[in-house]
Amino acid sequence: MKSLNRTKFLLACTLAAASALAGAWSALAQGAKTVRIAVAMPLTGDMGTEGQGVRRAVEMAVAEANQSKAFPYTLEVKALDDRADPREAVNVANLITSDPGVAVVIGHYNSGCSIPAAKIYARAGIPMITPASTNPDVTGQQLNPKWTGKKSVFRVVPTDDVQGEYAAQYVYSKLGYRKMSVVHDKTAYGQGLAEQFKKNFEKLGGKVNSFDGISIGDKDFKALLTRIKSTGPEGIYFGGVYTEAGLLMKQGRELGITVPFVSGDGAKTPTLFDVAGAAAEGSYLTITGIPVEYLATAKDFIANYKKRYSGPGNELKPFDHFGYEATRIALEALKKSGPDRAKLINALHQTKYDGLLGTTTFDAKGDTLNKIITMTKASFKDRSFPPVK
Amino acid sequence: MKTAGGGKGAPLLEVRQLSQHFGGLKALDGVDLDLSQGEIVSVIGPNGAGKTTFFNVMTGVYPGTEGAILFNGEAVRGLPSHEVIRRGIARTFQNIRLFSNMTALENVMVGRHCRTRNGLLAPLLRLPAYYEEERRIEAAAKDLLGFVGLLSFGNHLAKNLPYGDQRRLEIARALATEPKLIILDEPTAGMNPAECERLVELIRRIRDRGVTVLLIEHQMRVVMGISDRVVVLDYGVKIAEGKPLEVTKNPRVIEAYLGKECD
Amino acid sequence: MFLQQLVNGLTLGSIYSLIALGYTLVYGILVMINFAHSEVLMVGSFVALAVFRFAPAILPQGPVGLIVALVLSMAGAGVLNVVIERFAYRPLRHAQKLAPLISSIGVSIVLQNAVFLWVSTQSESFPELIAATQFSIGGAGVSSLQLVCMASAIGLMMGLHFFIEHTKVGKAMRACSDDLETAGLMGIDSSRIIALTFLVGGALGGAAGVLYGLNYGSIKYNLGFLPGVKAFTAAVLGGIGNIRGAVLGGFILGIMEVMAAGYIPRGSDWKDVIAFSVLIFVLLLRPSGILGEKIAEKV
Amino acid sequence: MTPVSAAKWAGLAAILVVPALLGSGNYAYLVQAGGMIGLYMILALGLNFTMGYVGLFDLGYIAFFAAGAYGAAICGAYNVPLLIELPLTVAFAVLLRLGLGVSILRLRGDYLAIVTMGFGEITRLVINNLDSITNGPKGMEVPPLQLFSWTLSGNLGYYYLIAACVALGVIGSRRLEDSRVGRAWVAIREDETAARLSGISVNEHKLLAFTISAGFAAVAGMIFAHWIQFVTPESFVFWESILIVSMIVLGGMGSIYGVLLGALILGGVPQILQVFLAGSKWIDYRYFFFGVVLVVVVLFRPEGLWPHKRRQAELHEEAA
């Protein structure tokens, strides 16, 4: 290793680092007159599908706002990728807080990323609205005495206890089931939903035959489903997202399980039918607010979304409409308060917004008070989720 | 078999009925051997006679099926190899096994390992004990490199040394463990006559340093020239032992090597 | 119930075995863990999907469609694997032992992201090449997909076994796997044999991709990672480099996972822990896998 | 002052001084990113003992980073003071490592890799499933680092703490490398049987290197947990172990500056790409480029970016 070419190599490294700094400088300096909406989502990796969906919805909301000329400045979306890894989420949070042009953050996706990132946004005084993290700690941590910074964390999606409770209530009284089996995907979201369902269902007097976890990325659940079938449940509750929900439904039907599946809003996406096919027919899904397709004000959201993103793989994902709603609420507050972060946070606290999810207002912690839950029933024919009483 | 060469104080090494069976194969079957301090003994025999197996059992590579090995009166059979080495037996290998990506000097310094004590603390805190021991290790290693005539190649990587030098480096590393008995496994293999002569002369100098030498050797010229005694193994059994001249005339040895005349 | 679990275990096992063969073949010759193999499997399933989307006529439902799909995806995945070896691994053949491993990790990231960026970011439903009819054998609900999956996997394994044991090229591959340099000295063009091994390994991966899509109904850009890790575990369990070992390891791992998830309450939470614990236990008893031959160290 | 050491000193100065300047301005994220890369450097230095020096292929190293992080979280929950938490957590990680180490002394090469991978996955799954202790997937809050009354918070503080640990790691590695134990390790890597027959107690030395690397990982895990103040099993996936192995192999096995360079590049490239591509549609290509960089660098320098050079002793002809 002649030391000469190592020196050349070292020079190359320091050059690269210097150019990185220069690049960073240029990236931040331009566009002083635009106001940026940061989107912190998993854009690559295992959760890339869901993250890209929310990003599309946010970009649509901002594009519509720009066309409406309601703002004296142009609005810009700045999307960053946290790859659903808490370490990258913290890097993303620090990157956003050091960009003075960012007014509000729409993100993060999974609770494991939202909780640490929220601390960083709060310290910098940037409001953060999460469209998908349901772990109570995301907003609950603000009550902790050691919390530094303002209460700047908001959430448009209800915490999992709300949905779990409603589903238990519905299954026990409306469907009249007394014996249920529960499965979850061992994530903060899925396990949270399943635990709430089990707690409330047992409180009502129902019996939970089995409570099992599966791993995300696993595809073969036949062994588990065979055991569940032998316990003879009247229904199966699944806490988790559409990929695993669809597989459970499909393999359940293949094993001759006829009882219906019940799940949460993580499974509500047309892609569920790609995964489960006809097996998804008749499954009950709780969703927040009124199903988007059946809300007068939301009619155009679906149409615009389909028109704008017609390419392959761009179907509506479970949390897209939450992303859209969060952005519209942020823009609404921005109209009133202007890009100053402190004023924006106060404006957000007074939010009263009628939109896709009905009227959204925030409590002291920043959680949505919109606790309307609707039970829907999946229909395979027209790939939709009509509400059911 | 009473040993012919005894008489110089208690025997350094006593091997009694040593056997090593691999399933049905009796690689070594009831071998006896005595060595006294300062002797040079050669072990000869056709390929597959069990010579290397014999050395492997003595140095803890194989546990041995039965029999005893007493070194300085202490039983060593079955001990882990590094314990056997610490007690004063060192060896080289039939096919050279050096630390190829370390320098020649470092190879020999590694040999000093079992004779030195520094753990983690001394080097981490750079205590005086560390510097002092490193200096001693390096000095001893340089001395041994000089002894085998490789001092000027000290900084070369072991793998870059020519074949003959690698052989001698391996011997230097073995000597670094301050052995009382050094086992050389075919040291002259693949050497031309001039290198052989230099190696024989080196073995004598090793013996003069007070180290008993036990070697496997095929070149009869080397065996005759250097050995105080010769032991002959065939199919894992000791078939002869004695002065080099006696052994070469022993009919069983001739038969083992050259086969019987068909009468 | 036991019969039902056995069927589940055999299906899962057959897929693991088929993927494990891809790892073992490459490892046998280059002593290299090919991390990109799991992505070649994913690409194989997308090749079949692409053919179905663009030329559905070629893939009528039924055995003919399945065989054509298998052949096309095996060819596609095989060629991809050869290209990967040619540009990402061959230059590193004489580098340090772990260099090709890092290159295969890089290739695996590139392939997964390439499909994510340019093919589809979401789960795509896999065409039903075989009508998914359910019928029961002795009370166990068995779907035609499972049977087809097992049959094709076992068929491919037997085909591979015949190819390796009874053809001239197979003999050359075994020679290279035993000692690459000496095989070269015997007049075997080792680079060609290595390329061929990657072709066969990739083809098996492609076939496993199709069977995977068929059996589970949907495919995604990241479907390869977890089964890849499990299949490599199976290959090592059976004795890495040993073809029969890979098949044995695959079935053992598949059945063990199914039994753990099927019979132990909350077992499915712990099935991977149980699978890996058994792996560690077996390797402690037999440090070179169940069928792996113990290479005695020549001193 | 050869050009190489000049570059080293310049680099050192940059690492220490620049962050203080950036402290609060628009570039605060560089300090935070630097800290994260520093954590990777500690892990790389730690794994260098197992893989670089002794040559044991370890694919489950992240489990001990997780042990450190969850050790800090659990101690935080019972508000155990730092002076007890540090030895307790390091001891826990070392015992965990010994449990693994003793059982795999007989395994070689890729069998060892698969067993360590299995051990890594078992650790992550146990953490994810033991809700009663680790709160499972919902993760645990962790208090910031406190020593008596003084609390460390803010990226700058943690940055300098990590920089100090990296410096200690480098000095420790350098000093052990040039010692009797260091040479024994390398001898074991080169030829285990020859090492045994040169009087080295191979098993003991393997376990020694093994536990030292666990110590590094535990310290890195503790700092990470206290800094982020939240810890979930998602951070300790198998992919992280592969990343650290890649840093070692890419940087140069057994070479201290090599593994640091490997950590800098593989830890830094995703951050630099995030900065450059943020806001543009190219952000989705971030990990595609990362994969390409990985392949290109290993093809460009298969022996590692900064391979280890053996120490050159001065050999003057003294009286033989």
Side-chain angles (χ1 to χ4, degrees), chain A residues 1 3-4 6-7 9-11 13-14 16-17 20-21 23-25 27-28 36 43-45 48 52 76-81 83-88 90-92 94-100 110-113 115-116 119-120 135 137 141 144 146 148 186-192 213 215, chain D residues 2-4 7-8 10-11 14 25-33 36 39 125 128-129 131 136-139 141 143-144 153-155 224 227-235 237 261 264-265 268 270-272 274-281 283-288 301 305-307 309:
Chain A
M1 247 329 277
S3 76
L4 197 59
R6 183 184 303 158
T7 333
F9 192 79
L10 271 174
L11 281 181
C13 280
T14 35
L21 267 176
W25 182 270
L28 293 176
R36 275 186 284 285
L43 300 176
T44 59
Q52 292 288 353
E76 206 183 74
V77 172
K78 181 170 184 181
L80 292 112
D81 172 26
R83 212 174 148 74
D85 168 13
R87 193 201 313 261
E88 297 240 28
V90 166
N91 292 345
V92 161
N94 276 289
L95 198 51
I96 290 174
T97 48
S98 52
D99 172 0
N110 27 17
S111 305
C113 292
I115 293 171
K119 298 184 205 288
I120 296 164
N135 184 325
D137 288 346
Q141 64 180 336
N144 182 326
K146 294 204 199 67
T148 55
K186 291 203 282 192
T187 63
Y189 168 73
Q191 192 164 327
S215 339
Chain D
T2 66
V4 169
K8 280 187 203 164
N26 288 355
Y27 293 96
Y29 70 86
L30 281 182
V31 171
Q32 194 270 332
M36 281 299 169
L39 281 179
L125 289 167
N128 204 26
N129 292 343
D131 298 63
K138 292 198 264 305
E141 289 275 336
S153 65
N155 292 340
F224 173 70
W227 184 10
I228 308 295
Q229 294 176 22
F230 183 76
V231 67
T232 77
E234 288 151 354
S235 309
V237 287
L261 200 56
L264 180 68
I265 289 178
Q271 312 302 359
I272 292 171
Q274 180 100 263
V275 167
F276 270 97
L277 306 175
S280 78
K281 81 172 177 49
I283 189 73
D284 305 347
Y285 290 71
R286 193 163 72 101
Y287 261 74
F288 179 79
R301 300 294 285 264
L305 295 172
W306 194 318
K309 252 161 69 50

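The chains referred to below are lettered A, B, ... by the order of the sequence lines, with proteins before strands, and numbering in each begins at 1.
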Task: A/R87 side, atom CZ; D/L39 side, atom CG - distance, nearest 0.5 Å - done: 7.0 Å
Open item on the list: Main chain of A/D81, side chain of D/Q274: is a donor-acceptor contact present, judged purely on distance under 3.5 Å?
Closed with: yes
Task: Contacting region of A/K119 [heavy-atom separation from chain D under 4.5 Å] - done: side chain
TODO: Let me know if A/T44 has heavy atoms under 4.5 Å from chain D in its side chain, its backbone, both or neither.
DONE: side chain
- [ ] Measure distances from D/F224 to the heavy atoms of chain A and classify the residue's part below 4.5 Å as side chain, backbone, both or neither.
- [x] side chain
Open item on the list: For D/P137 versus A/K186, what's the shortest heavy-atom pair and its separation?
Closed with: CB-O, 3.3 Å
Task: Where A/L80 and D/I283 come nearest, the two heavy atoms and their spacing - done: CA-CG1, 4.4 Å
- [ ] Counting only heavy atoms closer than 4.5 Å, note whether D/Q271 contacts chain A via side chain, backbone, both or neither.
- [x] side chain
Task: Over all atoms of both residues, closest heavy-atom pair of D/E234 and A/G112 - done: OE1-CA, 3.7 Å
TODO: Mind ranking D/L277, D/L125, D/N129 by heavy-atom pairs under 4.5 Å with chain A and telling me who comes out on top?
DONE: D/N129
- [ ] Could you pull out the closest heavy-atom pair between A/K78 and D/A278, with the gap in Å?
- [x] CE-CB, 3.8 Å
- [ ] Scan side-chain atoms only and decide if D/E141 and A/N144 contain a donor-acceptor pair under the 3.5 Å cut-off.
- [x] no
Task: Top of A/I115, A/N135, A/T148 for chain D proximity - count of heavy-atom pairs under 4.5 angstrom - done: A/I115
Task: Inter-residue atom distance D/R286.CZ - A/L43.CG, 0.5 Å rounding - done: 8.5 Å
TODO: Could you tell me which of A/P116, A/A84, A/G213 has the largest number of non-hydrogen atom pairs under 4.5 Å with chain D?
DONE: A/P116
TODO: Run the numbers on D/Q32 and A/I120 for side-chain contact (heavy atoms from CB on, under 4.5 Å), then give the verdict.
DONE: CA-CA 11 Å; D/Q32 194 270 332; A/I120 296 164; 6.0 Å; no
Open item on the list: Measuring only between side-chain heavy atoms, which start at C-beta, is D/M36 closer than 4.5 Å to A/V90?
Closed with: yes
Open item on the list: If I measure from the heavy atoms of chain D, does A/D85 come under 4.5 Å with its side chain, its backbone, both, or neither?
Closed with: side chain
